[in-house]
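Report on the structure given below.
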Amino acid sequence: MPDYNLGGTVRLDDPKTLARLTALYEEEAIHHVQVQAVLLPQPLFREHLDRIAAAGIPAVIHAPHHGHGVNPCAPAAYDNRPIKEIEAYVEEAMSQTLEAADVLGAETIVLHAGRYEPGADAAARETFAGFLDRHSDPRFALENLPAVYAGYPLLGNTAKDLTALAGETITHFCLDFPHLACTTNYRGLSFTEELERFDALNVTHHHLSNIRRGSITDEHLELDHPEGGLDLNAVVSRLRRHPAVPTTLEYKEDSPEVYARQARVFAGLWEGHARGGRD
């Protein structure tokens, strides 16, 4: 049994990927699943949730984000729906998210602060605080986001940003390594220095994939992608210092086989780092 806690990501309504991750869990290639919550009609929600629960795999929940119609810091930004419809959608989506965490016994709910319109940073921070007032949960782990994506800014990019956003309401954090690399590339910062700043936070979850060298765009590339530019040595060094913190692989490929391949790549990186004496 390896001395790390590796997982794969599955949408709540994706039984094909769930079946593959279940097999990997039984093989001890992974040790948890991250369930991406998306709003579903109630009967379908219960059907899919019960299927995941029956798999018996330790789970963390990822709350819906702006790509799923839930944008905590600026609900109406880049969204043409009437505001009342958006508000009702967010309420129902978050209700299902918390229910999923309850049913699966998840101790962590990963949360994005969201995206906002350029120049509206102060308003986004205020709106996110209001969101936490309505939906506060001790299981929330606030995730760092890339500074920009597809031309719009996102809220909460560095350890300092997350600390300010969390205030006294959120006490757990999710460190997404490629998101941090995108931010440091965009802002001209040192990745290793910004990574070290997360030592001051209570990081209870990690997200891992890869980005292209020098890129500011999060693409969820494979760890061994030929154009990969993430500082994997720095990443694995941190992971080996915190082996009990779960690390979830996140990929966008249609085939769930990516998780089987990448679990093997991760195991090789872990062991190679140990043999190199860098841990």
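This is a predicted model, so every value here is computed, not measured.
Following chains of ILVMFWY side-chain contacts shorter than 4.5 Å, one cannot reach Leu145 starting from Leu162, and the two form parts of different hydrophobic clusters. Under a hydrophobic-cluster definition in which Ile, Leu, Val, Met, Phe, Trp and Tyr are linked whenever side-chain heavy atoms come within less than 4.5 Å, directly or via other members, Ile170 and Leu201 are assigned to the same cluster. Both Leu249 and Ile61 sit in one connected hydrophobic cluster of ILVMFWY residues. Membership requires side-chain heavy atoms under 4.5 Å apart, directly or through other members. By the criterion of side-chain heavy atoms lying less than 4.5 angstrom apart, applied directly or through intervening Ile, Leu, Val, Met, Phe, Trp or Tyr residues, Phe198 is not grouped with Val110; the two fall into different hydrophobic clusters. If you chain together hydrophobic residues whose side chains sit under 4.5 Å apart, Phe173 and Val235 fall into the same group.
Ring-centre distance between His66 and Tyr149: not below the 6.0 Å cut-off. The ring of His207 has its center closer than 6.0 angstrom to the ring center of His62.
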Next on the checklist: Run the side chain to side chain contact (heavy atoms under 4.5 Å, CB included) test on Thr158 and Thr183 for me, step by step, so that the C-alpha distance in whole Å, both residues' side-chain angles and the decisive distance to 0.1 Å come before the verdict.
Outcome noted: CA-CA 8 Å; Thr158 64; Thr183 293; 4.1 Å; yes

Item to check | Stepwise side chain to side chain contact (heavy atoms under 4.5 Å, CB included) test for Trp270 and Thr247 | outcome: CA-CA 12 Å; Trp270 185 272; Thr247 297; over 6 Å; no

Item to check | Test log, rule side chain to side chain contact (heavy atoms under 4.5 Å, CB included), inputs Ile211 and Thr217 | outcome: CA-CA 7 Å; Ile211 65 168; Thr217 302; over 6 Å; no

Next on the checklist: Please evaluate residues Leu104 and Leu49 with respect to the criterion side chain to side chain contact (heavy atoms under 4.5 Å, CB included), reporting the C-alpha separation (whole Å), side-chain torsions for both, the decisive distance (0.1 Å), and the verdict.
Outcome noted: CA-CA 8 Å; Leu104 298 178; Leu49 183 58; 3.8 Å; yes

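The distance from atom OG of Ser190 to atom CZ of Arg197, rounded to the nearest 0.5 Å, is 8.5 Å. The NE2 atom of His68 sits 5.5 Å away from atom CZ of Arg11, with the distance rounded to the nearest 0.5 Å. Taking CD of Glu222 as the reference point, atom CZ of Phe266 lies at 15.0 Å (rounded to 0.5 Å). Thr127 OG1 to Leu132 CG: the interatomic distance, rounded to the nearest 0.5 Å, is 11.0 Å. The CD atom of Glu107 sits 9.0 Å away from atom NE2 of His172, with the distance rounded to the nearest 0.5 Å. Between the CG atom in Asp79 and the CG atom in Asn71 there is a gap of 8.0 Å [rounded to 0.5 Å].
When atom types are taken as modelled, the side chain of Arg81 and the backbone of Gly69 share a donor-acceptor pair closer than 3.5 angstrom. Between the side chain of Ser237 and the main chain of Asn233, no donor-acceptor pair closer than 3.5 Å is present. Side-chain N or O atoms of Glu194 include none that pairs as donor or acceptor with a backbone N or O of Leu180 at under 3.5 Å. A donor-acceptor contact shorter than 3.5 Å links the side chain of Thr22 to the backbone of Leu18. Judged purely by atom type and a 3.5 angstrom limit, His220 uses its side chain to pair as donor or acceptor with the backbone of Glu250.
Of all non-hydrogen atoms in Ala234 and Leu195, the two that sit nearest each other are O-CD2, 3.9 Å. The two residues Pro153 and Glu117 have their closest heavy-atom pair at CG-C, 4.3 Å. Here the closest non-hydrogen pair linking Asn185 and Gly214 is ND2-C, 3.4 Å. Among all heavy-atom pairs drawn from Pro243 and Arg240, the shortest one is CD-O, 3.4 Å. The minimum heavy-atom distance between His179 and Asn144, with the atom names listed, is ND1-O, 2.8 Å. When every heavy atom of Tyr152 is checked against every heavy atom of Tyr116, the shortest pair comes out as CB-O, 4.3 Å.
Side chains of Thr9 and Gln34: a donor on one and an acceptor on the other come within 3.5 Å. Side-chain polar atoms of His65 and Glu143 form no donor-acceptor pair below 3.5 angstrom. No hydrogens or angles considered: nothing links the side chains of Asn210 and Glu219 as a donor-acceptor pair under 3.5 Å. Between the side chains of Asp137 and His135, no donor N or O sits under 3.5 Å from an acceptor N or O.
Considering only heavy atoms from C-beta on, His242 stays 4.5 Å or farther from Val203 through its side chain. Tyr89 places none of its side-chain heavy atoms less than 4.5 Å from the side chain of Glu92. Between Cys73 and Phe131, the closest side-chain pair of non-hydrogen atoms is not below 4.5 Å. Side chains of Gln262 and Ile30 form no contact here, defined as non-hydrogen atoms less than 4.5 Å apart. For the pair Leu239/Tyr4, no side-chain contact is recorded, criterion being any heavy-atom separation below 4.5 Å from C-beta on. Using a 4.5 Å heavy-atom cutoff, the side chains of Glu99 and Arg46 are in contact. Annotation: side chain of His206 is in contact with side chain of Arg238 (closest heavy-atom distance under 4.5 Å). Put simply, the side chain of Val10 reaches to within 4.5 Å of the side chain of Val35, judged on heavy atoms.
Among Leu230, Val236, Thr248, Asp176, the one residue that satisfies the side-chain contact (heavy atoms from CB on, under 4.5 Å) test with Leu208 is Leu230. The side-chain contact (heavy atoms from CB on, under 4.5 Å) with Pro64 is formed by just one residue from the set Leu12, Thr97, Val90, Leu39; it is Thr97.
Electrostatic pairing of Arg139 and Asp102 counts as a salt bridge here, judged by a charged N lying under 4.0 Å from a carboxylate O.
Other residues, nucleotides and ligands contribute only 12 or fewer heavy atoms inside 6.0 Å of the NZ atom of Lys160. For Glu126, the CD atom sits in a loose shell: 12 or fewer heavy atoms of surrounding residues, nucleotides or ligands are nearer than 6.0 Å.
Geometric assessment of Arg20 against the ring of Tyr259 yields a negative cation-pi assignment under the 6.0 Å and 45° thresholds.
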